Visitor: 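There's a structure below that I have some questions on.
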Amino acid sequence: MKRIRFAIDRRFTWKRMIVPGVTAVTFWALAVVLYGVSGGQIFALVNFGYLGTALGIGLGLYALLPRRQKPLGRRVSLLLIGLYLFFFIGVISQENIQVEGVWWSLINGTFYAAVWHYFVAKIVGPLLFGRLWCGWACWSVMVFDLLPYKQPSGRLPGKWGWLRYGHIVLSAVVVVVLWRVFGVQVGTNSATAVVWFLIGNIFYYVVGIGLAVGLKDNRAFCKYLCPVAVPLKLTSRFSLLKIGTDDSQCNDCHACVKMCPMDIQIPDYVHAGQRVLSTECTLCQTCVTVCAHDALKLSYGFDMGGRELLRLRTNGETAVYQPNISGGTQHAQ
Ligand code: SF4
Ligand code: SF4
């Protein structure tokens with residue numbers, strides 16, 4: 001049997017613990033504030049403290065482990081957070097924290113866990129941590145990343161990315177129609193919430209795995225259909241945390257592009273002297289791991305994202321896709 005040996009990255013410096021440390025401390029600070037605001041509700045303290053600790057452990061392992069073992073940090077974080085949210089919050093605490101639960105809470109004026117979850121993880125959190133949620137905490141990605149299609153062939157050309165906007169609108173329409181026409185309540189803190197939560201998740205897993213197999217791309221669901229990406233893309237463009245680049249180190253090997261699960265043309269940002277400004281970036285750090293020249297690393301800073309440079313799926317060639325959002329054009333490379 002093959003023995004797994006754990007060692008510390010020879011290039012490790014304590015500076016690399018800044019991102020894990022800041023992330024964990026921010027969540028604990030939030031936990032303490034919410035504990036106070038909620039009049040001493042222990043759940044607020046434990047919940048956000050746990051999430052910050054799990055993220056800190058995952059990001060810390062990533063910083064600490066040698067290059068080949070770094071992905072383990074993300075796996076640990078996805079498992080610790082994904083399983084906790086799915087089983088403890090979703091099933092045991094009977095909270096539907098999927099997007100349908102948010103719509104239900106909003107139309108009822110009941111700000112239950114779903115609203116708090118979206119507010120923290122998908123609207124305000126991304127101002128600081130970008131789409132860290134997608135890469136390190138999502139319980140759908142926790143499963144999709146176990147599939148074998150880790151090296152994508154690029155995005156489908158066309159407007160498939162707009163499906164997720166349709167999905168989020170449709171989810172609101174379904175909740176309202178079920179409630180007003182059929183008297184079905186999505187509910188929260190109830191058995192109905194659990195049933196709804198499980199049905200929603202089964203749908204995500206079945207469709208997500210089907211798309212992954214059909215398109216040979218683990219993250220096909222995230223790219224074309226996930227409604228959660230809609231709010232995340234809005235606020236993550238302002239994110240302080242992004243992938244920083246160093247043009248002087250890059251030799252244009254394109255190893256990062258080949259392995260980026262979100263098809264981002266990373267060297268184009270590198271050569272423009274910009275951080276990775278794509279709102280598709282999930283901060284998974286796969287590009288950082290595979291870059292043998294240390295041209296990439298997580299960094300804090302302030303810049304406006306939204307410049308989408310994506311690799312299109314073409315007949316063996318690559319192409320840059322720049323949607324109108326940045327006023328760019330589409331051209332082949
Ligand atoms: S650019 Fe890097 S961190 Fe962002 S999604 Fe691609 S591989 Fe992950
Ligand atoms: S892997 Fe590193 S060196 Fe290669 S193209 Fe990407 S940023 Fe440049």
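Counting convention: from 1, in listed order, for ligands and their atoms alike. The model shown is predicted, which means the values in this text are computed figures rather than measured ones. The chain is numbered in sequence order, starting from 1.
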Visitor: Are the side chain of Arg164 and the backbone N or O of Gly161 linked by a donor-acceptor pair below 3.5 Å?
Guide: yes
Visitor: Can you tell me which residue and heavy atom of the protein come closest to atom 8 (Fe) of ligand 1, and the distance to 0.1 Å?
Guide: Cys284 SG, 2.3 Å
Visitor: Per the salt bridge (Lys or Arg N to Asp or Glu O under 4.0 Å) rule, what does the pair list look like for residues 292-304, sequence neighbours excluded?
Guide: Arg11-Asp294, Arg67-Asp294, Lys242-Asp303, Arg275-Asp303
Visitor: Report, in ascending order of atom number, the atoms of ligand 1 lying under 4.0 Å from any heavy atom of Pro261.
Guide: 7 (S)
Visitor: Near atom 6 (Fe) of ligand 2, which protein N/O/S atoms fall under 2.8 Å?
Guide: Cys256 SG
Visitor: Is there any ring-ring contact (aromatic ring centres under 6.0 Å, His included) pair reaching into residues 261-294, and which pairs are they, with sequence neighbours excluded?
Guide: none
Visitor: Would you verify whether the NZ or CZ of Lys223 falls within 45 degrees of the ring axis of Trp160 while also being under 6.0 Å from that six-membered ring's centre?
Guide: no
Visitor: Are Trp104 and Trp179 an aromatic pair by the rule of ring centers under 6.0 Å?
Guide: yes
Visitor: Suppose we measure from atom 6 (Fe) of ligand 1 to each protein heavy atom; which comes out shortest, and what is that distance?
Guide: Cys260 SG, 2.3 Å
Visitor: So, using side chain to side chain contact (heavy atoms under 4.5 Å, CB included) as the criterion, who are the partners of Ile168 when residues are at least two apart?
Guide: Val99, Trp103, Ser171, Pro227, Val230, Pro231
Visitor: Take the angle between the ring planes of Tyr84 and Phe88 and call it parallel below 30°, perpendicular above 60°, tilted in between.
Guide: parallel
Visitor: For Thr282, take its heavy atoms, then give the atoms of ligand 1 lying under 4.0 Å from any of them.
Guide: 4 (Fe), 5 (S)
Visitor: Please could you name the atoms of ligand 1 that Gln285 approaches to less than 4.0 Å, counting only its heavy atoms?
Guide: 3 (S), 8 (Fe)
Visitor: Is a side-chain donor-acceptor pair under 3.5 Å present for Thr245 with Gln274?
Guide: no
Visitor: To the nearest 0.1 Å, how far is atom 4 (Fe) of ligand 1 from its closest protein heavy atom, and which atom is that?
Guide: Cys281 SG, 2.3 Å
Visitor: Report, in ascending order of atom number, the atoms of ligand 2 lying under 4.0 Å from any heavy atom of Asn251.
Guide: 3 (S), 4 (Fe)
Visitor: Does the plane of the ring in Tyr204 sit parallel, tilted or perpendicular to the ring in Phe221? Use 30° and 60° as the thresholds.
Guide: tilted
Visitor: Would you call the rings of Phe197 and Trp139 parallel, tilted or perpendicular, taking 30° and 60° as the class edges?
Guide: tilted
Visitor: Atoms of ligand 1 less than 4.0 Å from Ile243 heavy atoms?
Guide: 3 (S)
